[in-house]
Amino acid sequence: MSTNVLRTPDGWWAVRAERAVRIETKAVTTAELIADRAAVSEAAASDDSGTPVADLVALPPVTAPCRVVAQMVNYRSHAKDSGFTGDIPPTFFRKASGSVSGPHNAIIRPAHVNFLDYEVELGLVMGATLPVGTVVEEQDLPRYVAGLVLTNDVSARDVQLTKTQFYESKSYPTFTPTGPYLALLEPDDFAHLLNLRLRLSVNGVSRQDRTLADMIVRPAQALTLLARFQTLDPGDLLLTGTPGGTALKAPPAPVAKISALLPPALRWKAFFKGQANNPLYLHNGDLITATIATPDGRIDLGEQRTPVTDAA
């Protein structure tokens with residue numbers, strides 16, 4: 001069974017139901033904690049009654065230094081929403097590690113961003129170095145992936161689309177809420193990944209709800225593709241894509257065909273004029289709730305509750 005780990009300002013904790021036991025470790029970074037699995041196991045098996053989880057302040061369980069890499073359009077439902085047809089080439093992009101924030105911290109909308117969107121995603125946390133040229137089979141996942149985290153790939157759509165700039169549009173501070181838990185997996189847990197269900201709601205209204213079975217490129221293949229051109233190290237984070245249900249959706253095909261005939265400036269002006277009437281984008285005061293878990297609770301990454309606020 002997986003072990004949920006919580007990070008707070010004064011250390012790491014092994015979570016058992018509603019209580020947590022301090023992990024006696026000198027680890028500061030996620031990579032150092034992964035290397036000290038013995039301390040995690042000892043805390044998880046301790047007879048200490050522990051501290052109520054509700055009394056602890058959760059920090060993101062993924063710490064700098066780390067690479068944050070993400071997959072684009074990796075769920076069939078999201079591809080449909082985005083207007084893609086046929087085969088979709090696997091695509092990756094980077095996010096700034098400074099975008100990682102806590103599971104209950106506010107998402108801060110920059111003043112120039114008008115179309116702020118959400119994307120619940122499963123994050124893979126690396127447990128071993130993945131050298132360039134590595135081929136990862138399904139049975140190899142436990143060798144390279146230490147655990148899982150719940151993430152939200154927050155996106156400034158007006159920056160992303162007009163500039164075709166994923167790095168900027170997804171890298172502002174607080175644009176990667178992460179946690180609350182790092183679920184450190186046992187080898188048997190990997191057989192249950194496709195049962196993980198991703199859910200996200202805004203102000204109590206469901207927006208996204210799919211399992212990993214909707215994925216196009218699954219984790220082992222994604223790691224193989226990444227290893228064609230870069231190394232990943234312990235503590236690095238791979239966001240594996242989001243299901244359908246985001247605020248942004250492609251316009252109807254006839255509208256898209258007409259828009260394609262317009263000069264870029266006019267095309268984007270018309271597109272965002274239409275998006276201004278879309279009530280699904282995030283606004284000051286909204287509350288996002290997100291969870292990822294298997295139906296049987298074998299893997300449960302906890303719950304994020306992140307309010308949205310405008311930059312001062």
Verdict with reasoning, D117 to S155, per side chain to side chain donor-acceptor pair (under 3.5 Å): CA-CA 5 Å; D117 210 347; S155 306; over 6 Å; no
Candidate pair K170 and D153, rule side chain to side chain contact (heavy atoms under 4.5 Å, CB included), full reasoning: CA-CA 7 Å; K170 294 168 174 281; D153 180 20; 2.9 Å; yes
Please evaluate residues E32 and D36 with respect to the criterion side chain to side chain contact (heavy atoms under 4.5 Å, CB included), reporting the C-alpha separation (whole Å), side-chain torsions for both, the decisive distance (0.1 Å), and the verdict. CA-CA 6 Å; E32 291 169 346; D36 198 2; over 6 Å; no
Run Y144 and M126 through side chain to side chain contact (heavy atoms under 4.5 Å, CB included) and show every step you take. CA-CA 6 Å; Y144 296 106; M126 302 303 295; 3.9 Å; yes
Criterion salt bridge (Lys or Arg N to Asp or Glu O under 4.0 Å) on E119 and R207, from CA distance to verdict: CA-CA 10 Å; E119 294 187 6; R207 299 283 183 86; over 6 Å; no
Stepwise side chain to side chain contact (heavy atoms under 4.5 Å, CB included) test for F175 and L116: CA-CA 10 Å; F175 271 31; L116 189 67; 3.4 Å; yes
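Contact annotation: the side chain of L198 never approaches that of D209 to less than 4.5 Å [non-hydrogen atoms, C-beta and beyond]. Residues R298 and S2 have side chains not in contact (no heavy-atom distance under 4.5 Å, counting atoms from C-beta outward). You'll find the side chain of S41 stays beyond 4.5 Å of the side chain of T3, heavy atoms only. By the 4.5 Å heavy-atom criterion applied to side chains, V53 and Y181 are counted as neighbours. No side-chain heavy atom of T134 sits less than 4.5 Å from a side-chain heavy atom of L223. Annotation: side chain of I288 is in contact with side chain of N152 (closest heavy-atom distance under 4.5 Å). Side-chain atoms of V308 and N284, non-hydrogen and from C-beta on, never get closer than 4.5 Å to each other. Looking only at side-chain heavy atoms (C-beta outward), L148 and L301 come within less than 4.5 Å of each other.
Cluster partners of V125, using a side-chain heavy-atom cutoff of under 4.5 Å among ILVMFWY residues and allowing indirect links, are V5, W12, I23, L33, I34, V40, V62, V68, V100, V149, L182, L184, L237, L239.
Rounding to the nearest 0.5 Å places CD of Q275 at 9.5 Å from CG of L280. For the atom pair D233 CG and L130 CG, the distance stands at 9.0 Å (nearest 0.5 Å). With values rounded to the nearest 0.5 angstrom, N203 atom CG is found 8.5 Å from T289 atom OG1. Taken from CE in M1 to CG in D188, the straight-line distance is 11.0 Å, to the nearest 0.5 Å. Atoms CG and CG, on L212 and L196 in that order, are 5.5 Å from each other to the nearest 0.5 Å. Here CG of L200 is found 13.5 Å from CZ of R210. Values are rounded to the nearest 0.5 Å.
Heavy atoms of other residues, nucleotides or ligands lying less than 6.0 angstrom from CD of E18 number 12 at most. Around CD of E42, the count of heavy atoms belonging to other residues, nucleotides or ligands within 6.0 Å does not exceed 12.
Residue P61 forms a side-chain contact (heavy atoms from CB on, under 4.5 Å) with just one option from T178, T30, N4, L150, and that option is T178.
By the rule that hydrophobic residues join a cluster once side-chain heavy atoms approach within less than 4.5 Å of another member, I292 and L194 end up as members of one cluster. Using a 4.5 Å cut-off between side-chain heavy atoms of Ile, Leu, Val, Met, Phe, Trp and Tyr, with links allowed through other members, V136 and L232 fall into the same hydrophobic cluster. With hydrophobic clusters built from ILVMFWY side chains whose heavy atoms lie under 4.5 angstrom apart, V73 shares a cluster with L122. Two different hydrophobic clusters hold V57 and V15 under the rule that ILVMFWY side chains link at heavy-atom gaps under 4.5 Å. Linking ILVMFWY residues whenever their side-chain heavy atoms come closer than 4.5 Å, directly or via other members, places I107 and V202 in the same cluster.
Ion pairing of R94 with E168 is absent here, as no side-chain N (NZ or NE/NH1/NH2) approaches a carboxylate O to less than 4.0 Å. Salt-bridge annotation for R22 and D10: present, with a side-chain N of the basic residue lying under 4.0 Å from a carboxylate O of the acidic one. Using a cutoff of 4.0 Å between basic side-chain nitrogens and carboxylate oxygens, R37 and E186 are scored as salt-bridged. Under a 4.0 Å N-O distance rule, the pair R218/E138 does not qualify as a salt bridge.
Here the shortest heavy-atom pairing between T306 and P103 reads CG2-O, 3.3 Å. A pairwise comparison of heavy atoms in A111 and A311 identifies N-CB, 4.3 Å as the closest pair. Between A227 and P131 the shortest heavy-atom distance is CB-O, 3.7 Å. Counting all heavy atoms, side chain and backbone alike, P89 lies closest to D87 at CD-O, 3.8 Å. Nearest heavy-atom pair across G241 and N74 is CA-CB, 4.1 Å. Residues D48 and V21 share a closest heavy-atom pair of O-CG2, 3.7 Å.
In this structure, a donor-acceptor pair under 3.5 Å is present between the side chains of T176 and S99. T246 and Q208 are not linked by any side-chain donor-acceptor pair at a separation below 3.5 angstrom, with hydrogens and angles left out of the test. At a cut-off of 3.5 Å, with distance as the only test, no side-chain donor of T29 or T63 sits close to an acceptor on the other residue. For the 3.5 Å distance criterion, the side chains of D214 and S77 qualify, holding a donor opposite an acceptor. Side-chain contact, S171 with K95: no donor N or O sits under 3.5 Å from an acceptor N or O.
Under the ring pair (Phe, Tyr, Trp, His ring centres under 6.0 Å) criterion, the residue pairs touching residues 278-312 are F115-Y281, with sequence neighbours excluded. A ring pair (Phe, Tyr, Trp, His ring centres under 6.0 Å) check over residues 54-110, counting only residues at least two apart or in different chains, returns the pairs F93-F166.
Side-chain N or O atoms of D140 include one that pairs as donor or acceptor with a backbone N or O of E137 at under 3.5 Å. Here the side chain of T151 pairs a donor or acceptor atom with the backbone of E121 at under 3.5 angstrom. For the pair R228 (side chain) and L225 (backbone), a donor-acceptor distance under 3.5 Å is present. A donor-acceptor contact shorter than 3.5 Å is absent between the side chain of R67 and the backbone of D236.
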